[in-house]
Amino acid sequence: MMIYEHIKTLLKSTLADVAKAEGWTLPAELPDFTVEAPRDTKHGDIATNLAMTLTKLIGKPPRAIADAMVAALKKDTSYTSVEVAGPGFINLRLASSIWQEQLKTILNAGTHYGDLNLGNHEKVVVEYVSANPTGPMHAGHVRGAVFGDALSNLMQKAGYDVTREYYFNDAGTQVDVLARTVHLRYREALGESIGEIPAGLYPGDYLKPVAEKLVARDGKKWQGKDEAEWLKPLREFAVAEMMQAIREDLNMIGIKHDVFSNERDVIENGTLDKVFKSLEDKGLIYVGTLPPPRGKEMEDWKPEPLTLFRSSQFGDSSDRSLKKRDGTWSYIMPDIAYHYTKIQRGFKLMINVLGADHGGYLERMRPAIAAISDGSAKLDVLFCQMVKVFNNGEAVKLSKRSGNIITLREMVEEVGADSVRFTILTRSFDSQFEFDFAKTKEQSRDNPVFYIQYAHARCYSVFRKAAELFPKADISVNTLSNLDLSLLTSEDDIALIRFLCNWPKMVEAAAQTREPHRISFYLYDLAALFHSFWNKGKDDAQLRFIIEDNLPLTMARLALLKGITTVIASGLAVIGVKPLEEMR
RNA sequence: GACCCCGUAGCUCAGCUGGAUAGAGCAAUUGCCUUCUAAGCAAUAGGUCGUACGUUCAAAUCGUAUCGGGGUCGCCA
């Protein structure tokens, strides 16, 4: 980024000079203009749209403004060419020495190259997965899980103090259903014939081992007893088991949360009562009746007085009920209390990664957070769109009810963690995508993630070869970063360095937009440049990395390779994929 | 009835805080392994960017309308 910011500053000062000479009046604050590497290298190293953004202000055609700028820029020797192109772009080419210096900067920074101070060490909590402990992780969870994890990596790289968090509901009806199903499986494990799993309980075999564990621990203790006796202990047992399984599943795909929070704690430690009372104290709670929901047929709907939160005072379309008809808390109240704990822990920025099926969540939670934080905390919710799962072209309906699921475990075992992560992270989170399990399995070897890993491995292969051919040469990073790199002059050398210099800008853009997939595409393009360079060495010996009779050039090329592996490795770290040193 | 996301090559998707001839992978066709790993490279073919207006020096990108697909609108989570 250094280089682009530097050029931008230079352009501004040149513009000021030109404006003076030409008699243009400029505003104190210039319109925002770009300084970036153009897509097509024919357009130079760096292009700016500066002239075009000034047409209105100055009242002259863009090319005329550009021409005046070019005349002034040509006096600066750090540009080897300056020209006007297209509708009024100014294209600059920089002296090779500038790029060679940039490569040194990269080597000195190592994998910290691209680290930013965008977040200024601000504390941010990223909550993701947060699946309730009623079943194993399945394909529907994977997208949010991987996305949230990569986003956390990205925010960290951009200079935020990130906490990865998982929140689960262990106090509602779902976990009661879980406990009942476990009890049934428990009776089965003890030899009873249970027949089909009744509707309303969880089908699927995944609770069998849990039941067996329970038998091993408690024997026949709960057989033939009333639900009132076993519900609570079995619930606790089952929740602990499921959470353990979930952690193991997530681990398979490289995900580890820093903090696990749960609904029961929030209720039992008094946080919920405290938060509710503070809402009451603020005059935001009343008893009233809500209109029936629109656009949806509600057979069992009856107007009844409920405990309501004045959500509409904070921009919500309606007030919200905090208690159910039966007097128990509705899901939103523990959630509000949970978010209060985040605020208490010092987070002013909270990011929640949710599935698109939680569409109304933000509209409800934002007002609540505004109320409990008095407007000082901010909630961002990123909705990952649905994943449509196919198996060889046939749609797979994921449903716990029918037991028809593709588990995370199956995905990782069949396709591989790296491929799964990369596939997910080459999509923008807000567009739905189709995941064909069978096809992905079949094509797993074609997954673009290997293309990037292969580039990394090839670089390492050259280093191994160099060590063999030049046993006396010191090819450590320290030495490489202090070399004279003036031998790196070919178009391909410079093109690669130039591309490496885009890395910090990529991190910045990806972090600002919360779009880790940009990193994947950048890495792919970098790998493509590298592979292309590699193959040129077959036609032109001077473009090989190792040139046996030219140690100085070889050393300079090794420095370039080091720059490439450095950026690939730090990019893959964001994606959460291993940078391999060898692939055979 | 209201709100959110998407519509780009045969398929899966990038590009969208406006910029130069619209990109990649897969699938198709053709070349390249005595030389640093062919999980690679080079080339060919493939698109009215859903549609229509509008804003702009400039629109796949922004706005309005419309069609199509998905999601949400609860005291469920």
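Residue numbering restarts at 1 for every chain, and letters A, B, ... go by the order of the sequence lines.
With a 6.0 Å cutoff to the six-membered ring centre and a 45° limit on the axis angle, Arg310(A) counts as a cation-pi contact of Tyr286(A). Cation-pi contact between Lys324(A) and Trp329(A): absent, since separation from the ring centre below 6.0 Å together with deviation from the ring axis within 45° is not met.
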Query raised in the report: What would the secondary structure line of RNA chain B be in dot-bracket form, counting Watson-Crick and G-U wobble pairs under 3.5 Å, with [ ] for pairs that cross earlier ones and | for pairs with another strand?
Result: (((((((..((((.....[...)))).(((((.......))))).....(((((..]....))))))))))))....
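Between His517(A) and G15(B) there is a side-chain polar atom (N or O) within less than 4.0 angstrom of OP1 or OP2. Contact check, Ser532(A) against A42(B): a side-chain N or O comes under 4.0 Å of OP1 or OP2.
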List, one per line, each side-chain donor-acceptor pair under 3.5 Å for residues 530-547 of chain A, sequence neighbours excluded.
{"from": "His531(A)", "atom 1": "ND1", "to": "Arg458(A)", "atom 2": "NH1", "distance (Å)": "3.0"}
{"from": "His531(A)", "atom 1": "NE2", "to": "Tyr451(A)", "atom 2": "O", "distance (Å)": "3.1"}
{"from": "Lys536(A)", "atom 1": "NZ", "to": "Asp492(A)", "atom 2": "OD1", "distance (Å)": "2.7"}
{"from": "Asp540(A)", "atom 1": "OD1", "to": "Gln542(A)", "atom 2": "N", "distance (Å)": "2.9"}

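Among the nucleotides U21(B), A77(B), U17(B), the one closest to any side-chain atom of Thr513(A) is U17(B).
Taking the P atom of each, U8(B) and U44(B) are spaced 25 Å apart, rounded to whole Å. The same atom, C1', is picked in A24(B) and in A45(B); the two are 16 Å apart, to the nearest Å. When the C1' atom is compared between A60(B) and G23(B), the two are found 12 Å apart, to the nearest whole Å. Comparing A9(B) with U61(B), their P atoms are spaced 15 Å from each other, to the whole Å.
Between Gln385(A) and Ser428(A), it is Gln385(A) whose nearest contact on RNA chain B lies nearer the 5' terminus. Along RNA chain B, the nucleotide nearest Arg445(A) and the nucleotide nearest Gln432(A) are compared for position; the residue whose nucleotide lies closer to the 5' end is Arg445(A).
Within 4.0 Å of Leu290(A), counting heavy atoms only, lie sugar-phosphate atoms of the nucleic acid but no base atom. Among the atoms of the strands shown, none is found under 4.0 Å from any heavy atom of Thr328(A).
Both thresholds, 5.5 Å between centres and 30° between ring planes, are met by His43(A) relative to the base of A20(B), so the two rings are stacked.
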Report summary line: With sugar-phosphate taken as primed atoms, P, OP1 and OP2 and all else as base, the protein-contact string of nucleotides 22-29 of chain B at under 4.0 Å (heavy atoms; B, S, -) is --SSS---
